[in-house]
Each structure stands twice: as structure tokens, then as C-alpha cells.
Q: 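Structure below; questions to follow.
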Amino acid sequence: MTRELRNIAGIKQSTCAYCGVGCGVDIHQQVSPESTQIEAVSLQGSQDHPANFGRLCVKGENLLATTSLDDRLLYPHIKNERVQWSQAIEHVANKFNDIIAEHGPESVAFYVSGQLLTEDYYLANKLMKGYIGSGNIETNSRLCMSSAVAAYKRAFGEDVVPCSYQDLEQTDLIVLVGSNAAWTHPVLFQRMQHAKQINPDMKLVCIDPRRTQTAAMADLHLPLKPGTDAVFFNGLLAFIAAANACDSHFIQQHSEGFEQALASASSYTPERVSQICELGIEQLLDCYQWFIESKRAISFYSMGINQSSTGVDKCNAIINCHLASGKIGRPGCGPFSITGQPNAMGGREVGGLANQLTAHMDIENPQHRQSVQTFWQSPTMTQQPGLKAVDMFDAIKDNKIKAVWIMATNPLVSMPNRQVIEDALDKCELVVVSDCVATNDTISKADVTLPAAGWLEKDGMVTNSERLMSRQRGIIAAPGESKSDWQIIAEVAKAMGFSGFDYASVADVFREYAKLTGYENNGERLLDISALAQLSDAEYDLLKPVQWPVNANYPNGCAQVFSDNKFSTPSGKARFLPITPQLPQAKIDNDYPFILNSGRLRDQWHTMTRTSRADALNEHSPQPLIHIHPKDAAKQQIKEGDYVEATSRFGKLIMAANITEDVRSGEVFAPIHWSRTFASHGCVSALYSSVNDPISGQPELKQTPVAIAPKAYETYVTIVAHSLTEETDNLLSKMIPERLSADDFWLNYPNRALQQWQLAMNRVPEDLLSWCKTFLPGQYRWLQQIDNNTNKTTLLAFNQESLVFYGQFSALPQEFNRPWLQHCFDQEQLNSDDRSALLTSMVSTEFCLGRQVCSCFQVHQQTIVDAIEQGAASVTELTETLGCGGKCGSCKPELAALLEHHNKAPQQSLIIPSKEVA
Ligand SMILES: Nc1nc2c(c(=O)[nH]1)N[C@H]1C(S)=C(S)[C@@H](COP(=O)(O)OP(=O)(O)OC[C@H]3O[C@@H](n4cnc5c(=O)[nH]c(N)nc54)[C@H](O)[C@@H]3O)O[C@H]1N2
Ligand SMILES: Nc1nc2c(c(=O)[nH]1)N[C@H]1C(S)=C(S)[C@@H](COP(=O)(O)OP(=O)(O)OC[C@H]3O[C@@H](n4cnc5c(=O)[nH]c(N)nc54)[C@H](O)[C@@H]3O)O[C@H]1N2
Ligand code: SF4
Ligand SMILES: [Mo]
């Protein structure tokens with residue numbers, strides 16, 4: 001086996017911290033001349049990493065900026081008091097032990113994350129299931145992958161992703177379902193684009209109610225009615241059968257349940273599907289026809305499928321079509337569930353979900369429980385699955401669970417129905433949070449905070465969407481007293497009195513896990529990496545990316561699983577599932593007549609704890625916008641840029657309106673990234689109910705009924721201030737939210753050099769100058785300009801001649817020109833033209849460039865439009881002229897959309913515009 005990794009002096013390879021694509025990154029390191037510590041100087045995509053072959057998206061390109069020490073959690077704290085590690089560990093261990101002694105093992109829980117590394121995850125699971133003896137270890141992957149996991153298990157007998165990225169280059173058709181890969185898995189999307197260039201006959205279909213950038217780049221966009229995907233795929237199954245396009249040999253020899261599945265699907269004629277899904281019949285038939293005509297096809301699905309109260313059925317409806325047409329187990333084929341988090345897959349392997357054991361063993365199988373207990377030589381073993389995420393937080397709220405340890409996730413923001421989560425954490429006797437940052441919403445509820453080493457500082461394994469295991473490498477020293485999660489877990493376990501947690505290194509933990517995958521496996525489970533159980537520390541350190549299984553049969557890993565058509569079910573056959581499609585439980589009515597959809601933006605990651613640190617990533621979508629169809633906006637009397645309040649039965653949000661035909665009428669969309677840390681009313685998940693899939697427990701996070709209305713305030717305020725000192729920064733962040741009433745609005749734009757706030761209030765401060773001065777105590781020169789015509793007051797403060805504070809109060813919402821203000825603050829002596837322009841809000845036109853489209857080269861929309869008008873006719877020409885799209889390529893879909901919008905077809909591909917459906 002070749003395990004040698006290129007380890008050129010000065011360059012070390014690691015894996016990107018973000019999405020499940022799992023791109024390799026080469027880090028250029030050097031010894032810092034000042035501190036003599038190793039520092040990372042620059043980074044680039046690894047040319048030889050099979051996930052990306054050198055490519056990175058914009059988030060990956062900006063990874064190094066996220067390792068700054070601003071707002072890092074550096075020391076352990078109990079009740080906000082800094083303590084020694086020994087005190088913190090003892091406190092957590094004693095409290096867990098006391099609560100378990102009094103109330104039993106089910107009274108405690110861990111809530112962990114697909115952003116832990118495999119070794120961290122493995123130990124957390126081992127401690128809870130085999131030592132504490134409860135199944136109550138749950139993970140944010142419940143919100144993300146659990147429907148896909150359950151469906152694979154139902155169909156294949158095991159949670160095995162049957163595809164590899166190289167399949168994307170060897171296929172004739174990719175159907176993206178509920179995936180905005182252009183933004184969420186950009187490097188894979190670029191691979192698809194590249195494959196299309198090589199094979200112009202290859203087709204991309206995008207099934208998404210919204211016209212996303214992915215949809216805009218597809219050959220066919222099917223903007224189906226939200227939640228009707230199972231109808232669509234039942235229809236496809238019936239169509240395959242009716243067209244005699246079944247693979248009868250596969251069905252007969254290698255599968256079971258076809259007849260029943262077809263019986264459930266046969267009434268879904270194309271006409272009926274077109275009616276229920278609200279799709280044009282021609283478009284629908286095009287897609288169905290392409291599927292049966294294509295020798296090879298991949299369904300590439302993600303959150304639009306999984307985050308549903310019937311997500312498991314939807315996944316199986318997709319899998320059924322692949323089984324029926326024999327499009328599985330061979331190159332270029334398969335139902336490809338794409339993972340979100342960098343190590344969601346690793347979590348699935350080690351049994352991070354409450355209803356799993358470890359190494360794909362079954363928690364409800366007594367033999368498997370015995371095997372794992374024997375292997376661990378552990379004192380106990382949970383006899384039952386633990387509580388799934390929604391039930392777990394309910395149990396905390398009901399005081400059944402009295403201690404919870406949250407690692408690497410921010411559930412107050414990401415779980416549905418925030419009020420329940422907030423109540424639960426308020427009531428819980430002990431909330432421990434391990435995180436890298438000092439501030440996030442969940443940390444505000446913690447009794448104990450434990451500083452975790454983060455990306456680039458910690459070592460371990462991650463598995464990407466195609467079962468490829470890659471090393472994340474600790475290259476720089478962990479700051480302050482932060483430690484790797486596996487070390488923290490092992491220390492708490494030992495302090496609780498358990499043996500079995502003495503590991504000399506992270507490689508030691510990995511070897512144990514690798515060995516367990518082969519233990520009493522007997523070929524029953526494909527997840528077998530036992531060939532890696534003997535790695536020396538040095539070999540582990542140099543391990544090259546490898547796809548599991550990695551065992552005696554596949555010593556170098558295996559890209560194509562199921563090529564022998566043997567599945568992990570008792571019969572060895574794949575299973576069809578009969579699917580009866582259900583609509584979302586979220587139903588509109590007169591009070592809540594719109595469906596709120598939620599999802600991701602290109603340059604932000606989840607609750608922004610990482611991406612907000614990289615200024616380059618904060619310009620593409622600086623504020624959260626709620627997308628509303630023009631018809632609905634007219635009906636609700638909402639204009640572009642108005643503040644809009646969206647209210648559900650569970651919560652409300654306030655965001656500015658973006659009126660666009662990209663969403664269907666009747667549906668609004670909001671991004672998931674803003675939390676209470678960055679905005680007063682930006683938390684979208686708060687509006688969702690706890691309704692979840694009865695099999696997987698995955699919450700219905702794509703549909704919730706809402707009412708929308710414009711929201712007017714007495715006064716709209718912009719505040720921009722220099723980050724003069726930590727004190728002035730803290731003053732603003734603390735005082736602004738405190739000064740405002742619960743109904744007022746505030747938004748804090750992340751930026752490292754400038755504090756930037758937008759407020760909207762119902763009470764106008766009597767004396768604006770004194771109001772502003774309280775944010776900036778000290779000797780500054782203040783200027784005030786009142787414009788009675790426009791009802792605007794502008795206040796400036798200067799330190800000598802340099803601008804340190806800008807405040808504007810207005811009776812109407814104001815455009816906030818960030819590049820212009822930045823330009824003014826950047827001057828050591830503010831020139832007089834800029835000063836009067838600031839006082840009169842006459843923004844110099846050179847700064848009126850619209851949104852930043854390309855984050856790598858900071859190219860704004862107007863510049864691109866100008867270039868198009870001057871003749872640039874393709875993405876390549878735009879790149880040649882302006883640079884945009886020439887580095888990471890994440891903005892290419894937007895460039896193509898701008899070209900299309902300005903009447904220049906971006907490529908030969910036929911783009912069918914989204915059809916508006918009443
Ligand atoms: N930039 C960025 N990339 C990320 C992340 C991030 O935070 N930021 N997070 C990562 C993670 S953890 C995940 S899980 C992935 C998620 O990756 P994706 O699943 O691609 O992302 P989402 O934006 O959540 O949702 C995808 C699409 O589902 C659509 N949708 C909504 N309802 C339906 C429906 O009923 N049917 C269909 N067919 N589609 C529907 C939405 O309109 C949306 O465009 O992204 C990963 N990559
Ligand atoms: N409405 C709605 N809600 C959603 C979704 C949606 O589409 N719509 N998507 C859901 C999905 S798919 C997901 S994956 C979740 C994501 O939601 P979360 O997982 O809650 O969001 P993150 O911001 O990624 O939180 C990760 C936390 O871990 C910390 N962290 C990073 N690295 C480490 C580490 O090495 N160790 C430790 N201890 N901490 C670390 C970060 O600072 C951060 O605070 O949101 C879910 N919620
Ligand atoms: S696609 Fe982007 S975010 Fe995902 S792993 Fe690659 S570089 Fe990181
Ligand atoms: Mo996710």
C-alpha cells in the first residue's frame with residue numbers, strides 16, 4: 001500500500017474545514033521570525049487530492065483568514081470565570097457523575113457535530129454508549145443527513161454512498177434534486193461543468209422550487225411545488241416501467257420488492273405528476289425521457305430532499321428509480337446523497353447518531369451490542385437508541401435530561417423552534433459547550449465553556465461525501481489553552497473514573513476505531529477499514545486520501561462499491577421501498593399564507609462563526625434578505641429594500657426585501673446564517689416547527705407557513721465606527737442591542753476593521769448627539785448636519801482629522817454604501833470633498849457599483865454589467881477583462897446569469913427559464 005504523502009519542506013497538506021466535498025489544501029508554512037512558531041503563510045488547492053485536483057471555492061481560498069484569534073475562546077470558564085483546565089474537567093466529570101448517580105444514565109446527553117473529526121466523534125460515542133451506558137449522543141447531522149442515512153439503510157442494508165466524484169465525469173445525466181451545488185458544493189459543481197465541456201451531450205437537470213444559480217446553469221430547471229419530490233420520482237418509476245426501460249435482470253437477480261414499489265407508483269402518470277408538482281408536462285417528460293435514454297445517470301440530492309417530514313421516503317423514491325433501471329454499482333451511476341459538513345460521513349461511521357452503534361453496527365441488535373462491548377471491554381452498553389435531536393431538547397426542557405455537553409454546533413440557531421431550545425438550555429442544570437469561539441448564541445447559555453483547538457490546529461481524519469478519508473493536519477500551535485476535542489473528551493472520561501481512555505495520540509484513537517470496523521465483521525458490512533489498524537504514528541501522519549472499504553480485499557481502498565450487485569441486506573439483495581408520497585406537514589392557511597423556504601448563501605458558512613472572520617467573505621451578501629415574488633410583494637405592499645416581518649406560529653424574523661422572480665409566487669426564501677450574535681431578528685430556524693420525519697427524526701426545515709408584512713419604523717440608523725480599541729468595540733456590541741427595545745431591529749455587519757451597524761427604531765432619541773457620544777466616550781471632534789428637507793441627520797466624529805464615527809438618522813430606510821464608507825474611514829485625514837459628501841449623503845459614483853460578485857478579485861456587479869455592455873460575451877471574456885471568475889470560480893454561475901440577463905447567452909446550453917406557476 002502506498003501511504004507516502006508528499007511532505008515537501010514548507011508545504012503540508014490538509015483538508016478544507018467546510019463542506020463535504022473535502023478538498024485537499026496545501027498549506028505553505030514557515031517559522032515565524034518573531035515568535036519562532038510555525039505559521040501558515042498561504043494556501044492553495046492540492047493538485048494531487050482526488051476530491052479537488054487543485055480547485056478550491058471561495059470559502060476554501062479564504063480559510064487562513066478564519067484562523068485569526070479575534071474572539072477566540074482561549075481558556076476554560078465556569079460561569080464566565082476563567083478556571084484551570086483541571087478545575088473545569090473535574091467540575092464537568094463530577095457534575096455528570098452526580099447527576100447519573102441520582103437520576104440514571106438517561107439523564108445526561110451529548111449533542112455533537114459533523115464538524116468534529118472522526119477520532120473526537122468516536123470517543124464521544126464510546127464514552128456515552130459504552131461507559132455512561134446511554135444512547136443519548138446525538139448530532140447536528142440529524143438536521144442534515146439522517147434521512148439519507150435511513151434510506152440507504154433501508155435500500156442497501158447499510159449506510160453506504162454508492163458513488164464517487166469521478167462518476168460525475170463519467171455520466172450522461174446529473175439530476176440535482178434539492179441541491180444548490182453551485183453555492184454549496186462549488187468544487188463538485190465545477191467538476192460537473194467541466195464534464196459537460198468534455199461531453200457536450202451530458203445534461204444537467206435541477207429540481208428546485210427556486211431558480212438558484214445551480215438552476216440557472218442547468219439544461220433544464222424544474223421549479224416544482226415545494227415538498228412534492230416523491231410524487232416526481234414515483235412518476236419516474238412508473239414511467240421507467242411503462243417505457244419498458246427496466247433492468248429486468250437486476251430487478252430479478254439482485255433486488256426485492258419491485259412489484260410493491262411499482263404498485264405504489266403506478267398511478268403517478270406524467271399528467272398527474274405535472275398537476276401535483278405544478279410543472280409543465282413537456283419539461284417533465286424531457287427529464288423522464290432523458291433519464292431512461294441515458295445509459296448512465298446520477299441523482300445528486302441534498303437538503304431539499306432530506307429536510308422533510310418524509311425525507312426518508314423521498315430518498316427511497318429516488319433510489320427506487322436507480323434500482324429499477326439498473327443505474328447503480330457501475331461508473332457514472334447512482335443515487336448520490338451529498339453530505340454537507342466536512343465530517344458528517346465520519347460521524348455516520350463511528351455511530352454519532354443516537355440510533356446507531358459504531359462501525360455501522362446496529363444498536364438494536366443484541367449481538368452487535370455485545371461485540372462492541374467486548375471490543376471496548378467497557379463496563380456497560382446502552383440497551384437502546386437514545387433520543388433524536390428534537391426529542392433530546394424536549395427531554396431537556398422537561399427536565400428529564402439534566403446535563404448536556406454540546407460540541408462544535410450552535411443548536412440555538414440551527415435547531416427548529418428556537419424558543420423550545422432556549423427554554424431547554426435555560427432550565428438545564430449543566431450546559432457544557434466546547435467551541436473555538438468565545439461568542440455565539442449557544443455559548444450565551446453555557447455554564448461551562450471548554451476551548452477547543454480548531455482547523456489547522458488539530459489532527460485527525462475526515463470522510464467526505466464519496467467515502468474518501470483524508471487527514472486534517474495540525475500545523476500551527478493551538479492558541480491559549482485550547483485542546484483537541486478528543487483530548488478533552490478523554491480527560492473528562494478519565495476524571496469520571498473510566499479506564500479505556502488512555503490514548504497516547506490521535507493515531508492511537510484512529511487505530512482502535514479502524515480495528516473495530518473489522519472486528520466480527522465477517523464481510524457483513526462494507527465499512528471495514530481494518531487494513532489501517534496497524535498504521536504506525538508516522539504512517540498515520542502521512543496517510544494519503546483513501547476511499548473505504550480498506551481491508552484485505554481492498555488494501556488500497558475502493559471507489560466502486562456494489563459492482564458485484566451484492567448489498568449488505570441479509571439476502572444480499574437491494575430493496576425497493578413502496579412509497580406513498582405525502583405533502584409537507586407545514587400547510588398554509590389564511591393566517592399564514594406563504595411557505596418560507598431556507599438555505600445557504602455562497603460565501604457564508606452556517607452560523608457565521610468562521611466565515612464572519614474573513615472580510616472577503618462578508619461582501620457578497622452583507623445582509624440577510626428575504627426573497628419575495630413580485631406578485632406577492634405587490635399584494636402585501638412590499639417594496640424592494642423595505643423591512644419585512646415574517647411571522648410563523650413559532651417565531652418571527654425581520655429582513656430587508658429582495659423582490660425577485662427566482663422564488664415561486666406563494667413562497668419566500670431566507671438564508672440560514674444570521675443569529676442573535678449578528679442580528680436582532682435574523683434567525684430563520686426559529687420560525688420552523690419541530691415536526692420531523694417519523695423514521696429519521698430529521699426536521700422539516702425547508703417549509704414553514706408564514707405571514708409577511710412590511711415593517712415600518714420611526715427612524716433608521718446607520719452607525720459605522722473605527723475599531724479603535726477593544727473597549728469601544730465591546731461598547732457598541734453590548735450597548736446597541738441593550739439600548740433598543742425588543743421590537744427594534746439591529747444588524748451588525750462582520751468586519752474586522754470597522755464596526756458597522758444598521759438599526760431601525762420606533763423611538764427617536766431626543767438628543768442624537770449625546771446618544772451617539774455614549775458609544776464613543778473620549779475627546780473627539782463632532783460634526784452634525786441636519787437636513788430638514790430629507791429628514792436626515794448625519795453625525796461625524798474625528799480623531800484629529802481622521803474619521804472615527806459615522807452616524808446617520810433618517811425617516812426612511814437608507815442604502816448603506818459600505819465600500820464608500822470604508823474609503824472614508826481609510827483616509828488618515830478625511831479630505832473635505834468626502835467630508836461634505838458624507839454630511840450630505842452624496843455618494844461618489846465610483847462607489848455605486850452594486851453587489852460584490854467576485855470575492856477573489858473584488859469585482860462588483862456594475863463593473864461586470866459595464867463590461868458586458870462593452871462587448872464581453874462569455875464568462876471567459878469577463879475573466880480575461882476583469883479577472884472575475886479567474887481564481888476559485890465560485891462566481892462563474894453569477895457571471896453567467898448576468899450575461900444571460902443582459903441578453904448574452906453564457907454558453908450554448910439551452911436554458912429553459914423557470915416557469916411561473918400559479
Ligand atoms: N456556502 C455554503 N456551503 C455549504 C454550507 C454553508 O453553510 N454555506 N453548508 C454545508 C452543509 S452542512 C450542507 S447540509 C449543504 C447543503 O447544501 P444544499 O442542500 O445544496 O443547500 P440548501 O441551500 O440548504 O438547500 C438546497 C436547495 O433545496 C431547495 N428546496 C427547498 N425545498 C425543496 C423541495 O421541496 N424540493 C426540492 N427539490 N428542493 C427544495 C432550496 O430552494 C435550496 O435551493 O451545504 C454545505 N455547503
Ligand atoms: N432552517 C434551517 N435550519 C437549518 C438548516 C437549514 O437548511 N434550514 N440546515 C441544517 C444543517 S444541514 C446543519 S449542518 C446545521 C448547521 O448548524 P450548526 O452546526 O449549529 O452551525 P455551525 O455554525 O457550523 O456551528 C458549529 C460550531 O462549532 C464550532 N467549531 C468549529 N470547529 C470546531 C472544533 O473543531 N471543535 C469544537 N468544539 N467546535 C468547533 C464553531 O465555532 C461553531 O460555533 O444547521 C441546520 N439548520
Ligand atoms: S468545495 Fe469549497 S468549502 Fe467545500 S471543501 Fe472544497 S474548498 Fe472547502
Ligand atoms: Mo448540513
Side-chain angles (χ1 to χ4, degrees), residues 15-23 25 45 51-52 55-61 63 73 113-117 120 140-141 143-145 176-181 183-188 206-210 212 214-215 222 224-229 232 301-308 314 338-342 344 407-416 433-437 440 442-443 450 452-455 457-458 464 484-485 488 584 596-611 663 669-673 675 684-685 687-688 699 701-704 888 890:
T15 311
C16 174
Y18 296 113
C19 83
V21 179
C23 296
V25 285
N52 56 318
R55 294 185 184 94
L56 289 179
C57 78
V58 63
K59 296 190 300 303
E61 289 281 355
L63 269 165
L73 181 63
S113 158
Q115 292 171 72
L116 290 176
L117 305 185
D120 306 326
N140 63 357
S141 291
L143 315 175
C144 180
M145 304 310 318
L176 294 120
V177 201
S179 153
N180 184 13
W183 280 9
T184 54
H185 298 97
V187 165
L188 290 187
C206 174
I207 305 182
D208 192 313
R210 279 195 310 147
T212 57
T214 309
L222 297 171
L224 85 179
K225 180 180 168 164
T228 60
D229 301 82
F232 183 90
Y301 54 99
S302 191
M303 294 309 120
I305 289 294
N306 292 349
Q307 289 172 339
S308 151
K314 286 176 182 168
I338 294 298
T339 50
Q341 300 175 88
M407 303 176 207
T409 174
N410 192 359
L412 215 53
V413 188
S414 50
M415 282 287 290
V433 177
S434 302
D435 206 297
C436 310
V437 296
N440 74 20
T442 303
I443 288 170
L450 303 175
W455 181 80
E457 302 155 2
K458 64 190 288 195
N464 74 1
S484 291
D485 289 282
I488 306 175
L596 171 68
N597 177 8
S598 63
R600 290 156 170 79
L601 298 176
R602 195 191 76 188
D603 292 6
Q604 289 296 352
W605 176 260
H606 296 168
T607 71
M608 290 171 36
T609 61
R610 298 164 187 241
T611 36
V663 291
F669 172 86
I672 62 168
H673 306 290
S675 64
V684 168
S685 305
L687 279 75
Y688 286 79
L701 283 169
K702 288 283 183 258
Q703 292 102 25
T704 191
C888 76
S890 290

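These numbers were taken from a predicted model, which means no experiment stands behind them. Each ligand, and each atom within it, is numbered from 1 in the order the structure gives.
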Q: Are any of the heavy atoms in Met415 under 4.0 Å away from ligand 2?
A: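 Not so, Met415 does not reach ligand 2.
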Q: Using a 4.0 Å cut-off to any heavy atom of Asn410, which atoms of ligand 2 qualify?
A: 18 (P), 20 (O), 25 (O)
Q: I need the atoms of ligand 2 closer than 4.0 Å to a non-hydrogen atom of Gln341, numbered in the order shown.
A: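 Atoms satisfying the 4.0 Å criterion: 14 (S).
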Q: Looking only at protein heavy atoms, which one is nearest to atom 13 (C) of ligand 1, and what is the separation?
A: Gly340 CA, 3.2 Å
Q: Which of the numbered atoms in ligand 2 are below 4.0 angstrom from a heavy atom of Ser434?
A: 37 (C), 38 (N), 39 (N)
Q: Can you list the ligand 2 atoms lying under 4.0 Å from a non-hydrogen atom of Trp605?
A: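 It comes down to these atoms of ligand 2: 24 (O).
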Q: Report yes or no: does Lys458 have a heavy atom closer than 4.0 Å to ligand 2?
A: yes
Q: Quick check: does His185 put an N/O/S atom under 2.8 Å from atom 4 (Fe) of ligand 3?
A: no
Q: Tell me the nearest of Asp229, Ile338, Leu601, Asp603 to atom 1 (N) of ligand 1, using heavy-atom distances.
A: Leu601
Q: Return the closest protein heavy atom for atom 8 (N) of ligand 2 as residue, atom name and distance.
A: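 The protein heavy atom lying closest is Ser598 OG, 2.9 Å.
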Q: Hey, is the main chain of Leu596 close enough, under 3.5 Å, to the side chain of Tyr688 for a donor-acceptor pair?
A: yes
Q: Is there a polar contact between ligand 1 and Gly599, counting only N or O atoms under 3.5 Å apart?
A: no
Q: Which heavy atom of the protein is the closest neighbour of atom 31 (C) of ligand 1, given with residue, atom name and distance?
A: Asn597 OD1, 3.3 Å
Q: What atoms of ligand 2 come closer than 4.0 angstrom to any heavy atom of Asn440?
A: 44 (O)
Q: For atom 4 (Fe) of ligand 3, what's the nearest protein heavy atom and its distance?
A: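 Its nearest protein heavy-atom neighbour is Cys19 SG, 2.3 Å.
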Q: So is there a nitrogen or oxygen of Gly227 less than 3.5 Å from a nitrogen or oxygen in ligand 1?
A: yes
Q: Looking at ligand 2, does Asp435 have a heavy atom less than 4.0 Å from it?
A: yes
Q: Run the contact test for Ala453 against ligand 2 with a 4.0 Å cut-off on heavy atoms, strictly below, and give the result.
A: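 In this structure, Ala453 qualifies as a contact of ligand 2 - some heavy atom is under 4.0 Å.
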Q: Donor-acceptor pair, Gln307 side chain versus Leu143 backbone, under 3.5 Å?
A: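 Between the backbone of Leu143 and the side chain of Gln307 there is a qualifying donor-acceptor contact (under 3.5 Å).
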Q: Quick one: look at Gln703 and ligand 1, take heavy-atom pairs under 4.0 Å, and tell me if it's side chain, backbone, both or neither.
A: side chain
Q: Provide, to 0.1 Å, the distance between atom 8 (Fe) of ligand 3 and the closest protein heavy atom, together with that atom's residue and name.
A: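 Result: Cys16 SG, 2.3 Å.
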Q: Starting from atom 19 (O) of ligand 2, find the nearest protein heavy-atom neighbour and note its residue, name and distance.
A: Asn140 ND2, 2.7 Å
Q: Closer than 2.8 Å to atom 2 (Fe) of ligand 3: does that hold for any N, O or S atom in Cys57?
A: yes
Q: In the protein, which heavy atom is nearest to atom 23 (O) of ligand 2, and how far is it?
A: Thr607 OG1, 2.6 Å
Q: Is the closest heavy-atom distance from Lys59 to ligand 3 below 4.0 Å?
A: yes
Q: Please determine whether any non-hydrogen atom of Leu56 lies less than 4.0 Å from an atom of ligand 3.
A: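 Judged by the 4.0 Å heavy-atom criterion, Leu56 does count as contacting ligand 3.
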Q: Which atoms of ligand 3 have any heavy atom of Gly22 under 4.0 Å away?
A: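 Atoms satisfying the 4.0 Å criterion: 5 (S).
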Q: I need the nearest protein heavy-atom contact for atom 11 (C) of ligand 2: residue, atom name and distance, please.
A: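 Checked against all protein heavy atoms, atom 11 (C) of ligand 2 sits closest to Arg600 NH2, 3.2 Å.
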Q: Which atoms of ligand 2 have any heavy atom of Cys144 under 4.0 Å away?
A: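 Those qualifying, in numeric order: 12 (S), 14 (S).
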Q: Looking at Ala452 and Ile488, what are the two nearest heavy atoms and their distance?
A: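 Heavy-atom minimum between the residues: CA-CD1, 4.4 Å.
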Q: Specify the protein heavy atom at minimum distance from atom 5 (S) of ligand 3: its residue, its atom name, and the distance to 0.1 Å.
A: Cys23 N, 3.4 Å
Q: With respect to Tyr688, determine whether any N or O atom, backbone or side chain, lies less than 3.5 Å from an N or O atom of ligand 2.
A: no
Q: Nearest to atom 24 (O) of ligand 2, what protein heavy atom do you find, and at what distance?
A: Gln115 NE2, 2.7 Å
Q: Among all protein heavy atoms, pick out the one at the shortest distance from atom 2 (C) of ligand 1; state its residue, atom name and that distance to 0.1 Å.
A: Gln604 O, 3.4 Å
Q: If hydrogens are left out, which of Leu116, Leu701, Val413, Asn306 has an atom nearest to atom 4 (C) of ligand 2, that is, the closest non-hydrogen atom?
A: Leu701
Q: Counting only nitrogen or oxygen atoms and a 3.5 angstrom limit, does His185 reach ligand 1?
A: no
Q: Hey, which atoms in ligand 2 end up nearer than 4.0 Å to a heavy atom of Ile672?
A: 2 (C), 6 (C), 7 (O), 8 (N)
Q: Could you go through the side chain to side chain contact (heavy atoms under 4.5 Å, CB included) check for Gln341 and His606 one step at a time?
A: CA-CA 10 Å; Gln341 300 175 88; His606 296 168; 4.1 Å; yes
Q: Could you find the nearest protein heavy atom to atom 7 (O) of ligand 2 and give me its residue, atom name and distance?
A: Lys702 NZ, 3.0 Å
Q: I need the minimum non-hydrogen distance between Asn464 and Val21, along with the two atoms involved.
A: ND2-O, 3.0 Å
Q: Does the residue Trp455 have a heavy-atom contact with ligand 2, meaning some pair of atoms that are separated by less than 4.0 Å?
A: no
Q: Nearest protein heavy-atom contact for atom 27 (C) of ligand 1: which residue, which atom, what distance?
A: Asp208 OD2, 3.3 Å
Q: Checking a contact table here: which protein heavy atom is nearest atom 3 (S) of ligand 3, and how many Å away?
A: Tyr18 CB, 3.4 Å
Q: What part of Tyr18, side chain from CB on, backbone N/CA/C/O, both or neither, has a heavy atom under 4.0 Å from ligand 1?
A: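 Contact part for Tyr18 vs ligand 1: neither.
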Q: Please confirm whether Cys436 approaches ligand 2 to less than 4.0 Å, judged on its heavy atoms.
A: yes
Q: If you compare all heavy atoms of Cys16 against all heavy atoms of Trp455, which two are closest, and at what distance to 0.1 Å?
A: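 Heavy atoms only, the tightest pair is C-NE1, 4.0 Å.
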Q: Does ligand 1 have an atom that lies less than 4.0 angstrom from a heavy atom of Lys59?
A: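 The answer is yes, since Lys59 has a heavy atom less than 4.0 Å from ligand 1.
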Q: At what distance is the nearest protein heavy atom to atom 17 (O) of ligand 2, and which residue and atom is it?
A: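 Looking at atom 17 (O) of ligand 2, the protein heavy atom closest to it is Ser414 CB, 3.1 Å.
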Q: With a 4.0 Å cut-off on heavy atoms, is His673 touching ligand 1?
A: yes
Q: Heavy-atom contacts with Ser685 under 4.0 Å: which atoms of ligand 2 show up? List them by number with element.
A: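 Near Ser685, the atoms of ligand 2 are 1 (N), 2 (C), 3 (N), 4 (C).
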Q: Where the closest heavy atom to atom 25 (O) of ligand 2 is concerned, which of Ile443, Asp485, Thr409 has it?
A: Thr409
Q: With the threshold set at under 4.0 angstrom, would you say Thr228 reaches ligand 1 through any of its heavy atoms?
A: no
Q: As a check for students: among Gln307, His606, Arg610, Met303, identify the option with a heavy atom nearest to atom 9 (N) of ligand 2.
A: Gln307
Q: Considering distance alone, does some N or O of Thr212 sit under 3.5 Å from an N or O of ligand 1?
A: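 No: no nitrogen or oxygen of Thr212 is under 3.5 Å from one in ligand 1.
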Q: Evaluating non-hydrogen atoms only, which member of Thr609, Leu450, Thr611 is closest to atom 43 (C) of ligand 2?
A: Thr609
Q: Nearest protein heavy atom to atom 26 (C) of ligand 2, by residue and atom, and its distance?
A: Ala408 O, 3.3 Å
